[in-house]
Protein chains: 2
Amino acid sequence: MAGERASATGDPGAAPVRRMRRAERREQILDAATRAFARAGYAATGLDDVAAEAGITRVILYRHFESKADMYRAVLDRACLRLIETVGVDDFDENAIPALLRAAAADPDGFRLLFHHAAREPEFRELTDSITAASRDTARRNLAKLIPSGPWLDWAAELIPTVSVEAVIAWLDAGTPDPATAADRISRAIDGVIRAARS
Amino acid sequence: MAGERASATGDPGAAPVRRMRRAERREQILDAATRAFARAGYAATGLDDVAAEAGITRVILYRHFESKADMYRAVLDRACLRLIETVGVDDFDENAIPALLRAAAADPDGFRLLFHHAAREPEFRELTDSITAASRDTARRNLAKLIPSGPWLDWAAELIPTVSVEAVIAWLDAGTPDPATAADRISRAIDGVIRAARS
DNA sequence: AGCGTTGTTTACATCGGGATATACAAAGCT
DNA sequence: AGCTTTGTATATCCCGATGTAAACAACGCT
């Protein structure tokens, strides 16, 4: 199946077979791996799945990555990097949500992978912890003006980043309709949660 | 570690070692398995983890369950059952949230397992699909009066059950403070999301 | 007291997937 | 043309986890 693209049979009249340079192939593998891992997470995804998704053999993967874990880290690192360079770490202002939407639209599989899988994989949580901890702390800092410290502040500080992310994912699931409208609605939804959080 | 409770050495002065009857042990295994699986999901949790959590040997597990998958299904089935018999399937009224809180407090690990792991495991999604689909449809039915059908209705119908669940889990994380207050806040948070969903 | 149940320990069979090595074929630059 | 790069195919090692088997020990009901 993977072999029929660049077959070793040398059948004439085949497609040009444009091969990739190393860096290019690496990126393509990372794309494919992101898609593959986004379906079922690290443990439940085999290297064969990744190879098939990339349209190459499993052996090639090892010419670019030391191991499965190494590859997964590379996938996660790239997804984190992309996210952070689109959305600042400490943003809680009015353009945070539009930025989040842009990031999710630019790399939907990476977005889902980070928040729906990596965040629940103890072995790799360190990679997403920086993001989640930062957003939780930012939320807490802003909420501290409105809510007395205690369990309900904890609750709100934990819930609001989660709701933001889930709202964005629901937006992806709904087919990414008009981003401006989405940003408006999500912002107001979060306002609603904040208002509810003040007793 | 497991052996020192009911040691085969027969050392005198040991604890009474109260053995369990079959059904009782099965429930205890299910409890332990729920805790173990709730940490990292199906694939990343070994039978040794489950056995250690239950304080028994791995061999005993096979006297109660055919296989790992069989055991996991039993765990998920029980968690689903408990959830459904505490929270009706089609509830969207004012006592739905209190019921959800009661269910989560009664079986926090099962609750987390269902919504944070099982829901993302393709092989077992069928078991949670009935719940998620039902709650999404219920939400959609109620929202249809307020929102014209289209992507934004889809968005809201998907988001609201998610927010409800995540709000409950955040409440668990915050140490389950006053359930009545929690119910009130969560209800108002959801109202906020609904209000935001009507353009 | 005796027998079935519950449990332990040890050893082993099995299997899938990760990881490695080698040989070979075609692409494509120089 | 020739060498390097990129890719395929195949074979194999290795390890951890699932799953099985057998012998033995103690609880607890009758």
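Excluded from the calculations below are hydrogen atoms, water molecules and symmetry mates; all remaining heavy atoms, backbone and side chain alike, are included.
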For atom [atom1] of [X] and atom [atom2] of [N], their distance in whole Å:
{"X": "A:Gln28", "N": "D:dG7", "atom1": "CD", "atom2": "P", "result": "8 Å"}
{"X": "B:Phe65", "N": "D:dT20", "atom1": "CZ", "atom2": "P", "result": "15 Å"}
{"X": "A:Glu24", "N": "D:dG7", "atom1": "CD", "atom2": "P", "result": "9 Å"}
{"X": "A:Lys68", "N": "D:dC14", "atom1": "NZ", "atom2": "P", "result": "21 Å"}
{"X": "B:Met71", "N": "D:dG19", "atom1": "CE", "atom2": "C1'", "result": "13 Å"}
{"X": "A:Tyr62", "N": "C:dA19", "atom1": "OH", "atom2": "P", "result": "4 Å"}
{"X": "A:Ile60", "N": "C:dA19", "atom1": "CD1", "atom2": "P", "result": "16 Å"}
{"X": "B:Tyr72", "N": "D:dA17", "atom1": "OH", "atom2": "P", "result": "18 Å"}

Quick check against the 3.5 Å criterion: does [X] have a side-chain atom that pairs as donor or acceptor with the backbone of [Y]?
{"X": "A:Arg185", "Y": "B:Ala197", "value": "yes"}
{"X": "B:Trp155", "Y": "A:Ala167", "value": "yes"}
{"X": "A:Thr128", "Y": "A:Phe124", "value": "no"}

Quiz item: Counting side-chain heavy atoms from C-beta on, which of D:dG7, C:dT6, C:dT8 comes nearest to B:Ile56?
Solution: C:dT8
Exercise. Report the nucleotide, chosen from C:dA19, D:dG7, C:dT8, that has the shortest atom-to-atom distance to any side-chain atom of A:Arg25.
Key: D:dG7
Quiz item: Quick one: on DNA chain D, does A:Arg63 or A:Arg58 contact a more 5' nucleotide (nearest heavy atom)?
Solution: A:Arg63
Quiz prompt | In one Ile/Leu/Val/Met/Phe/Trp/Tyr side-chain cluster, 4.5 Å: A:Tyr72, A:Tyr62 | solution = yes
Quiz item: Contact class for A:Leu47 vs. all strands (heavy atom < 4.0 Å): base, sugar-phosphate, or nothing?
Solution: sugar-phosphate
Practice problem: Please state whether the phosphate of D:dT8, meaning OP1 or OP2, lies under 4.0 angstrom from any side-chain nitrogen or oxygen of A:Thr57. | Solution: yes
Quiz item: Pick the nucleotide of DNA chain C nearest each of A:Asp48 and A:Val59; which residue has the one closer to the 5' end?
Solution: A:Asp48
Practice problem: Assess whether atom CD of B:Glu66 is packed by more than 12 heavy atoms of other residues, nucleotides or ligands within 6.0 Å. | Solution: no
